[in-house]
Amino acid sequence: MPHIATTNPATGQVLKTYEAMSAEQLDGAIERTDLAYQQLRTTTVDQRARWMTVAADLLDAERDEIARIMTTEMGKTYASAQAEVTKCATAARFYADKAPGFLADEPADADAVKATRAFIRYQPIGVVLAVMPWNFPLWQVMRFAAPALMAGNTGLLKHASNVPQTALLLEDVFRRAGFPEGAFTTVLVGSDAVETILADPRVRAATLTGSEPAGRSIAQIAGRELKKTVLELGGSDPFVVMPSADVDRAAEVATTARCQNNGQSCIAAKRFIVHTDVFDAFAEKFAANMAALRVGDPMDPDTDVGPLASERGRDEVHAQVRDAVDNGATVLCGGELPTGEGWFYPPTVVTDLTPTMRMWSEEVFGPVAGLFRVSSYEEAIEVANGTNFGLGSNAWTRDPAEQERFATDLDAGNVFINGMTTSYPELPFGGVKNSGYGRELSALGMREFCNTKTVWVGEGAASAGAGAHAE
């Protein structure tokens, strides 16, 4: 049986365990979610917006308790957990407000296609399976759930097995907000049940945020079943610093960019690529900033970095650092495995990396930064793009011409110039190469799981224009 439990990463103590669903219980959950779709698809977007607004209000009202659960389950600092809940409420209100426009009929050139009327209509497709990770246990789900539900789809959530309370909590929020029973359903199952769920004809699509192997598995199953997928996978994001950059500011933001969420973020900056003209100054400031971060109890307001989410994850991070050191890398700060309870790891900066080291090409999912020296713009781009990943990226330069070049040349789904990579409801989010495909957030994220329907009307049709449809 899969181990579905809340285990406090700060202590290693198992606090609560759950029985995995039986095959019959899982089938019943899929049936309820499909029946809810038959109901939700007939509601107006204005009705769904009212429910989504209530969901946002519930998140705001219960922020502190929800944040406490997240911190207990995966170790993020309490302050960052509170901010995550607030961000989810903001996204819910964004889609409640914007969905009517995102889903409105789009007129086409009727004369060009020899019609009296022609337009595009966006309609829901059905039950969407969401396979979600533990690192942002509420936000990762909300950025799928809010647009999907507002489009009239229903959601079936298979969350990571170490955050079951957060998963059940979000189901309860949507239910209390007024969405039909089963419109958003959490299934407590292991990863071995994903193939059964996705192969079920009542499930029409899937979205996954997770590892490359998980993405390949989902894509393979969905391809066989001819079902749409959106995949947001790993990242090894570059953070490029050029001579014209504000080095002090870049080093300050770099510290946050690497250690946000205890270093466990797909879009955290991981490879710091610094021009030789400012390398020494940046390295000194960056290492000092990283070393000054306080590691400890994630519920303590003075803590900057809490524990990693699992002992296995911490061991993997330390193994990557030791591999680099054993092959000649230099540790500027951190790098030592702490003693005592909990799965803590110190903010660490490693330089003198070479292609023989794991840190050169692998994603490090913890508060560990790789520092690279380059001598030109061209070399910076070569190192930045020299990975199989392409999720986020950062470039620091006050040269307008360089800014334009970075915007074009960085091979990533997101380019942030003179600022830290983050996600906003207003902007599409996703990657290229092994970081996945498809987009979340913005209008594009909502339409990923819509039937983009062409409507062509010939002579003899009523004269009412496109746009009146409630969806």
Measure the shortest side-chain to side-chain distance between Thr6 and Pro164 over non-hydrogen atoms and say whether it is less than 4.5 angstrom. yes

Heavy-atom side-chain contact between Pro238 and Val383 under 4.5 Å: no

d(Thr77 OG1, Gln82 CD) to nearest 0.5 Å is 9.0 Å

Nearest 0.5 Å, please: how far is CZ in Phe136 from OG1 in Thr166? 13.5 Å

Going by side chain to side chain contact (heavy atoms under 4.5 Å, CB included), name the residues that satisfy it together with Glu195, two or more places apart in sequence or in a different chain. Ile221, Arg224

Thr7 side chain vs Gly12 backbone, donor-acceptor pair below 3.5 Å: no

Flag this pair as yes if the NZ/CZ of Arg447 is under 6.0 angstrom from the six-membered ring centre of Tyr122 and inside a 45 degree cone about the axis; otherwise no. yes

Give a yes or no on whether the backbone of Val457 and the side-chain of Thr116 come within a donor-acceptor separation of less than 3.5 Å. yes

Donor-acceptor pair, distance only, cut-off 3.5 Å: does the side chain of Gln39 make one with the backbone of Pro180? no

With sequence neighbours excluded, residues passing salt bridge (Lys or Arg N to Asp or Glu O under 4.0 Å) with Arg176: Glu62, Asp172

Candidate list Phe239, Phe406, Phe416, test ring-ring contact (aromatic ring centres under 6.0 Å, His included), partner Trp396, passing option: Phe239

Only one of Phe174, Phe179, Trp51 forms a ring-ring contact (aromatic ring centres under 6.0 Å, His included) with Phe184, so which one is it? Phe174

Closer than 4.0 angstrom, basic N to acidic O: yes or no for Arg249 and Glu252? yes

Quick one: SG on Cys266 to CD on Glu232, what's the gap to the nearest 0.5 Å? 4.5 Å

May I ask you to decide if the ring planes of Phe449 and Phe144 are parallel, tilted or perpendicular, using 30° and 60° as cut-offs? perpendicular

Regarding Arg117 and Asp105, does a basic nitrogen lie under 4.0 Å from an acidic carboxylate oxygen? no

Measuring from atom OG1 of Thr71 to atom CE of Met299, what distance do you get when rounded to the nearest 0.5 angstrom? 5.5 Å

ring-ring contact (aromatic ring centres under 6.0 Å, His included) involving Trp360 - partner list, sequence neighbours excluded: Phe372

Identify whether the distance between the nearest side-chain nitrogen and carboxylate oxygen of Arg32 and Glu181 falls below 4.0 Å. no

Any carboxylate oxygen within less than 4.0 angstrom of a Lys/Arg side-chain nitrogen, looking at Lys227 and Asp200? no

Does Arg216 pair with Glu212 as a salt bridge, N-O distance under 4.0 Å? yes

Could you check whether any side-chain N or O of Gln140 sits under 3.5 Å from a backbone N or O of Met132, counting only pairs where one atom can act as donor and the other as acceptor? no

